[in-house]
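Structure first, then comments.
Here is the naming used below: chain letters follow the sequence lines, and residue numbers restart at 1 for every chain. Values in this document were obtained by computation on a predicted structure and should not be read as measured data.
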Protein chains: 2
Amino acid sequence: MLPSSTVENYLKAIYVGETHLVGGQKLVPMGQLASALGIAPGTATTMVKALAESGLVTYEPYNGVRLTSAGEKLAARVLRRHRLIELFLVQVMGMNWDEVHEDAEQMEHVVSDRLIERIDEMLGRPEFDPHGDPIPNAEGQLAERALESLLTCPLNTPVTVARVTDQDAAFLRFIESHHLKPGQTIEVEERDEVSDSVRLKGKDDQRMTIGARAASKLLVSSRA
Amino acid sequence: MLPSSTVENYLKAIYVGETHLVGGQKLVPMGQLASALGIAPGTATTMVKALAESGLVTYEPYNGVRLTSAGEKLAARVLRRHRLIELFLVQVMGMNWDEVHEDAEQMEHVVSDRLIERIDEMLGRPEFDPHGDPIPNAEGQLAERALESLLTCPLNTPVTVARVTDQDAAFLRFIESHHLKPGQTIEVEERDEVSDSVRLKGKDDQRMTIGARAASKLLVSSRA
DNA sequence: ATTATAATTTTGATTGCTCAAAATCACTTG
DNA sequence: CAAGTGATTTTGAGCAATCAAAATTATAAT
Ligand SMILES: [Mn+2]
Ligand SMILES: [Mn+2]
Ligand SMILES: [Mn+2]
Ligand SMILES: [Mn+2]
C-alpha cells in the first residue's frame, strides 16, 4: 500500500521540521506541524497517531513527533522529487524560481520513478535546487554544507549566497531584483541591532539595507 | 470550487465515451462508464447524479449520460493536458510511447496552466499526441480527420498509419516492433473473414498478418 | 501551591468517494 | 405476453481526511 499524497505531505513536513529543530530538541511539536500543513491541530494529532500505527513515525503525546527510519526514507524520496522538479521547471522549462513551488508541491506525488530518473539524469545529478535547498540523492542522503546567515557571517568579507529559505513568491522576486540569488557574491558591511537591519554591498558595489528577518533567510558560504 | 481529480476523470471518460458512440446513440451507458473508470456500477450512478446536480452532465436514468457544454469544456481541457503531457514525455523527455500513459493520467490533474502553456509552446502547438490522438486546442476544439481502420481501408493502396486506439503497453510495443507507428506507410493486401485476419505489407515490403481485432485499432489515412 | 495561559488531545460531525449486495427496471425470447 | 436475463439503481456501509469546539494536560506566572 503506497502512501497517499496526504501522508507524503505529512512526512515531508516532519522531515523539514526536524532539520529546523534547535538545541536538544528531538521532536517536532504538533502545533508546528499543523501550521506547516495548514490544518487544524486536532487533525494533525489524529493523523500522526495513524502514521505511528503504520510505523512511519514515533509519537510522544504532548511532546511531538519524529520520523522512523522507514518514514525518513519516504520523506527524503518526496523531498528529492520536489526539488528535482523545481530545478527541472526552472532549468528546462524556463519557469521563474518564484513560480515553481506550487507545481512541484503537486507533481512530487504523481511523477513516476522512471520520469524522476530521466529528470535527474537530464540535469546531471544536481545537488541543489533553484533556492539552494539540497536535493537528497537516490539513497536519501543530502549534501550538507556549513552555511551562515547574513546575521552571523563575518563582516566586510566576500561571501557567496548559497540558499534562500523562504518560498514566498514576493520575497523571491525581491531577492532576484536585488541580485541576491544563490551564486551571487556580496558583503555584509554593517549590522544594526536597534534598527533591526543589515547593510549589504551587492553586485556593482550596490548598497542596500534589509531587515534582520529577511537577512536571516539568506544563507551564505564564507568562501567568495 | 475546482473539480477534483475524480470528477475530471469522470468527465474525460464520458467525453471519450461520446466519441465512441455509434448510430443514433446520444448517451453513454452507465455500465460502459463504470468499466472505463474501473469502478462499481452503483458508484458511477451516484457520482453522475452529483455531476448532473452541478450542471456538468445531463443524466437520463436507465439511459445514460452526456456532457453539458460546461462539462465538455472541462473534459476537453483535461484531455488536452493528458495528450500534451504524453507528447512532451516522448518528445522532450525521451520516454517510450508505451510508458507515458500512466504518468499523463496523473499529471493531467496537477500541472498548472502556466506549465501546460510552456509545454504547448515548446512542442509548437501540436495537433496530435504520440498515439495519433487529436489534442484539443486551448479553446477545446480538436482537429478532426477522416480516418479508416485497417478493416475498411482500400486494398493494395498505400496508406499512412495515423492513429493507434489502444494504450496497452504490450500492444504498443508490438506495433512499434513491426514498424506500424503513426507516420509509417503500409498496404493492406488481403482480408480473410474466416481466419479473422488481415495481411499487411509494411516497411521494406515486410509481410505480416494480424488479427482483425488488432487491425481495427490501427487507423490510417488513405493518402500515402 | 494555586492559578492562568498556551498547547494538545478528544469528541462528534461532515464531505468525497467507494463497494457489496439487494431491489428495480428494461428488453429479449420463448 | 409472461418469464427470464442483463443492466441499472438503491441501500447500507466504510474509509480517509478534515473541522469546530470542548476537554485535558503541561508550563509559566503569581
Ligand atoms: Mn505536496
Ligand atoms: Mn526549493
Ligand atoms: Mn486521470
Ligand atoms: Mn495518447
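B:D98 places no side-chain N or O within donor-acceptor distance of the main-chain N or O of B:R173, the cut-off being under 3.5 Å. Of the possible donor and acceptor atoms, one in the side chain of B:R83 sits under 3.5 Å from a partner among the backbone N and O of B:P134.
At least one side-chain heavy atom of B:R77 sits under 4.5 Å from a side-chain heavy atom of B:D113. You'll find the side chain of A:V57 reaches within 4.5 Å of the side chain of A:L11, heavy atoms only. Between A:H131 and A:V100 there is a side-chain heavy-atom pair separated by less than 4.5 Å.
Heavy-atom distances under 4.0 Å link DNA chain D to no residue of residues 11-18 of chain A. Of the residues in residues 27-35 of chain A, those placing a heavy atom less than 4.0 Å from an atom of DNA chain C are A:P29, A:M30, A:G31, in numerical order. Residues from residues 48-59 of chain B that place a heavy atom under 4.0 Å from any atom of DNA chain D, listed by number: B:K49, B:Y59.
Applying the 6.0 Å contact sphere to NZ of B:K217 captures more than 12 heavy atoms from other residues, nucleotides or ligands. Surrounding CZ of B:R125 are more than 12 heavy atoms belonging to other residues, nucleotides or ligands, all under 6.0 Å away.
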Acceptor/donor pairs from residues 17-33 of chain B side chains to any protein atom, 3.5 angstrom cut, sequence neighbours excluded:
unit_1 : atom_1 : unit_2 : atom_2 : d
B:E18  : OE2    : B:L67  : N      : 2.7
B:T19  : OG1    : B:V16  : O      : 2.7

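Here the closest heavy-atom approach between residue B:G55 and residue B:A70 is recorded as O-CB, 4.1 Å.
A straight line from CE of B:M47 to P of C:dG16 spans 9 Å, rounded to a whole angstrom. Taking atom CG on A:L37 and atom P on D:dA17, their separation rounds to 12 Å, with Å as the unit.
For B:Y10 and C:dG16, the shortest distance from a side-chain N or O to OP1 or OP2 is not below 4.0 Å.
Partners of B:P126 by side chain to side chain contact (heavy atoms under 4.5 Å, CB included), not counting sequence neighbours, listed by chain and number: B:L84, B:L87, B:D120, B:L123, B:I135.
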Dump the pairs, protein N or O against N or O of nucleotides 19-25 of chain C, anything under 3.5 Å, distances to one decimal.
unit_1 : atom_1 : unit_2 : atom_2 : d
C:dC19 : OP2    : B:A40  : N      : 2.9
C:dC19 : OP2    : B:T43  : OG1    : 2.7
C:dC25 : O4'    : B:Y62  : OH     : 3.4

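By the 4.0 Å N-to-carboxylate-O rule, B:E105 lies too far from B:R81 to be salt-bridged with it.
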